[in-house]
Protein chains: 2
Amino acid sequence: MATIKDVAKLAGVALSTASYALSGDSKVSAKTKEKVLEAARQLNYYKNGFAMDLKRSRTNTIALILTDLSGPYYSELIRSVQDVALSNGYDLVACSSMGGKGSTAVKYLREKRVDGAIVLAQNITDEILLNAASSSFPIIVMDRLTTGEGLISVVVDGELGGYKATRYLIDKGHRSIAFISGPANSYDNSVRYQGYLRAMHEAGLEEKAKWRLSGNFVREGGYKATKMMLMQGEIPSAVFYGNDEMAIGGIKAMEEGGYSVPGDISVIGFDDIQLAEYVQPPLTTIHQPMYDSGSLAGHLLFQLLNDEQVNDSYKLKVELTERQSVQTVVSEIKS
Amino acid sequence: MATIKDVAKLAGVALSTASYALSGDSKVSAKTKEKVLEAARQLNYYKNGFAMDLKRSRTNTIALILTDLSGPYYSELIRSVQDVALSNGYDLVACSSMGGKGSTAVKYLREKRVDGAIVLAQNITDEILLNAASSSFPIIVMDRLTTGEGLISVVVDGELGGYKATRYLIDKGHRSIAFISGPANSYDNSVRYQGYLRAMHEAGLEEKAKWRLSGNFVREGGYKATKMMLMQGEIPSAVFYGNDEMAIGGIKAMEEGGYSVPGDISVIGFDDIQLAEYVQPPLTTIHQPMYDSGSLAGHLLFQLLNDEQVNDSYKLKVELTERQSVQTVVSEIKS
DNA sequence: ATGAAAGCGCTAACAA
DNA sequence: TTGTTAGCGCTTTCAT
């Protein structure tokens, strides 16, 4: 690999002159510049990224950290962050936090291989985040409300979402509403559940313990939890799934059990993933403003990078997307 | 930001001793090591990634370069590459080639910010690839057959896929088969088209120019091309779409035009994206072995990184996934 | 306009 | 076992 030294030598100029020429500094004469550029071309020379970053102590790159790069749910988010990064002249790399403490993501955070990061990865602990973040290394976290120096949070109002979903079912006449939850330690899950409870209490409805099952936010979990619920004999008229994935699994279990959706049981999800529109029946769900929140996170990150003042945390409103998995109940015997 | 110098000073040892201790070298005494580690903890010290990479001239990281990080089609691929990287003790970062020559991806390739790369990005030219690749910087390209020093290719046999798709339609009794293509300059598109032609010729069937429209590999394009085809009056009994996205758009256009799928027109796609299973009717398509090809690409990359010998290019077989978008034609008047 | 030289933070060969 | 020191390849100040 050719270095700038080789280029300088070939061009017959000093190292620094070569450097100036290569970075397009105006103080080199056109002739010298051309000589240097020609030498670089001949040697197939390109700057060494690390050396540059080391010297500059800036990378012009931000990282987007996700639990699992392969999840399709983040499409919109990635797109929005990418747009913002691009328009600020920054590069974006995505890295996975799979592997926890030893993951690429944590390495990037700790070793400051980028200028800042947007994090959406449950398995990165608050401690790591708080430790890595500083005013010179801002981090935006999108899956919890943790804040600190250089660490701010952008979240979607999951409580409101849970409330809206449940309230919608109640308004449609449902009185017996089950909740299939995600992982117990998940922030998203707990706020959605809080919203569910608020709507239930407000309507004077009771949550039945037997209808509160966990599906771990995955399709298979929703399927199993639903099977289990169905086997218990008492069937709710509607089920609020903590996310769409579980709802899709749940619908499958219902159909296999001979229940039609929404004829026998109504279903509502959360997230509005791409698939929600395509499953049968199309899923009524709470739409997450992924593009907006990603965009906001990106903008905030750049504001912090420019030493501007911003709030500690932001909470975005959510809306319900009506499709066909919920039916109006005309009359039901109150339990 | 604390440096190793600060740590050494605080621990009262030499710089190198601190370095050794921090990298867990065995030649430091347990006591000294503990002192250094304690000092590091106190200063909240972490190694500077660039300095390390610069010195080592190795990053222990590979890059996966995609046109658009937000596309959901690459899920399987990303997962497989991630698995291989992880099991080889390497880190993986994904970066986008959006922005072409000025993109993050190109920067990473040129400036050697990683140890090697897997590329699936049409907008990265052969020239860039050939220039960046070398025996010390291997690149695996997955969307074309280009090879060179340090550059090898892993592709799916698109010609065979095109042939199988078309042949399947012919076997089902179809005689008038349209082809909706992707971008003219796309390698994938051209080989799929070649396969289509081979099957057609083999069966003594003719390709009609008016049925060869382009949809640019996107949903909207498939929709428009199909509308146009429908307006021309003569309707084929089956359409082979260059990819699933276009097929999904096409089905929509057909339904809007009053044609039922597969009742009036049969449809076959290519890729087997996640959605294919969920659209109505579920799409019969050519399944791309994404996981396998990603896994192969990953393994090859690591073999190259270890100076092992491998072939120049690999071509994977494809299989047809039968769903419900193709109907058997009992009899049809030959044209 | 050009060149010499001082580091950025780290590793590793060498000396002690 | 520990310390001294020479770079990795680059940018940038200062002198020319």
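Residue numbers start from 1 in every chain, and the chains themselves are labelled A, B, ... in the order their sequence lines are given, proteins ahead of strands. Treat the numbers as computed from the prediction; the structure is a model and nothing was measured.
- First and last contacts of DNA chain C with chain B, using any nucleotide atom under 4.0 Å from a protein heavy atom and ordered 5' to 3', fall at dG9(C) to dA13(C).
- Near-neighbour residues of DNA chain C inside residues 12-21 of chain B, defined by a heavy atom below 4.0 Å, number-ordered: L15(B), S16(B), S19(B), Y20(B).
- Using a 4.0 Å cutoff to heavy atoms of chain B, the contacted part of DNA chain D runs 5' to 3' from dT1(D) to dG9(D).
- Near DNA chain C, meaning a heavy atom under 4.0 Å from it, residues 103-117 of chain B has no residue at all.
- Checked options L66(A), D68(A), L69(A); the residue passing with Y74(A) is L66(A) (criterion: side-chain contact (heavy atoms from CB on, under 4.5 Å)).
- One end of the helix from dA1(C)-dT16(D) to dA16(C)-dT1(D) points its axis 40° away from the other end's axis, with each axis taken from 5 pairs and the angle rounded to 10°.
- L316(B) contributes atom CG, which lies 11.5 Å from atom CE of M290(B) (distance to the nearest 0.5 angstrom).
- The heavy-atom pair separating D6(B) from M1(B) by the smallest distance is OD2-O, 4.3 Å.
- Contacts classified as salt bridge (charged side-chain N to carboxylate O under 4.0 Å, His left out) and involving residues 82-110 of chain B (residues at least two apart or in different chains) are given here: D91(A)-K107(B), K107(A)-D91(B).
- Remark: side-chain polar atoms of K112(B) are paired, donor with acceptor, to backbone N or O of A132(B) under 3.5 angstrom.
- The two residues D53(A) and T59(A) come nearest to each other via the heavy atoms OD1-CA, 3.7 Å.
- Taking each heavy atom of D188(B) and Q122(B) in turn, the nearest pair found is OD2-NE2, 4.0 Å.
- Taking a 6.0 Å sphere around CD of E127(A), one finds it holds 12 or fewer heavy atoms contributed by other residues, nucleotides or ligands.
- Using a 4.5 Å heavy-atom cutoff, the side chains of P138(B) and L305(B) are in contact.
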Exercise answer: donor-acceptor pairs, residues 23-31 of chain A side-chain atoms, under 3.5 Å, sequence neighbours excluded:
residue: S23(A); atom: OG; partner: S19(A); partner atom: O; Å: 2.6
residue: D25(A); atom: OD1; partner: K27(A); partner atom: N; Å: 2.9
residue: S29(A); atom: OG; partner: T32(A); partner atom: N; Å: 3.2
residue: S29(A); atom: OG; partner: T32(A); partner atom: OG1; Å: 2.6

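- Within residues 130-139 of chain B, no residue has any heavy atom closer than 4.0 Å to DNA chain D.
- When atom types are taken as modelled, the side chain of D115(B) and the backbone of I62(B) share no donor-acceptor pair closer than 3.5 angstrom.
- A search for ring pair (Phe, Tyr, Trp, His ring centres under 6.0 Å) contacts involving Y46(A) returns nothing, not counting sequence neighbours.
- Under the 4.5 Å side-chain criterion, counting only non-hydrogen atoms from C-beta, V141(B) is not in contact with D126(B).
- Here CD of Q82(A) is found 10.5 Å from CG of L77(A). Values are rounded to the nearest 0.5 Å.
- Listed by residue number, K27(B), V28(B), S29(B), T32(B) are the residues of residues 24-41 of chain B with a heavy-atom contact under 4.0 Å to DNA chain D.
- In this structure, S57(A) contributes its side chain and L54(A) its backbone to no donor-acceptor pair below 3.5 Å.
- With sequence neighbours left out, the side chain to side chain donor-acceptor pair (under 3.5 Å) criterion links S97(A) to N123(A).
- For the ring pair (Phe, Tyr, Trp, His ring centres under 6.0 Å) test, residues two or more places apart in sequence or in another chain that qualify with Y90(A) are F302(A).
- Ion pairing between a basic and an acidic side chain is recognised when a charged N comes within 4.0 Å of a carboxylate O; R41(B) and E38(B) show such pairing.
- Using a distance-only test at 3.5 Å, with no hydrogens or angles considered, a donor-acceptor pair links the side chain of D143(B) to the main chain of A121(B).
- Considering NZ of K315(B) and CG of L145(B), their distance stands at 5.5 Å, rounded to 0.5 Å.
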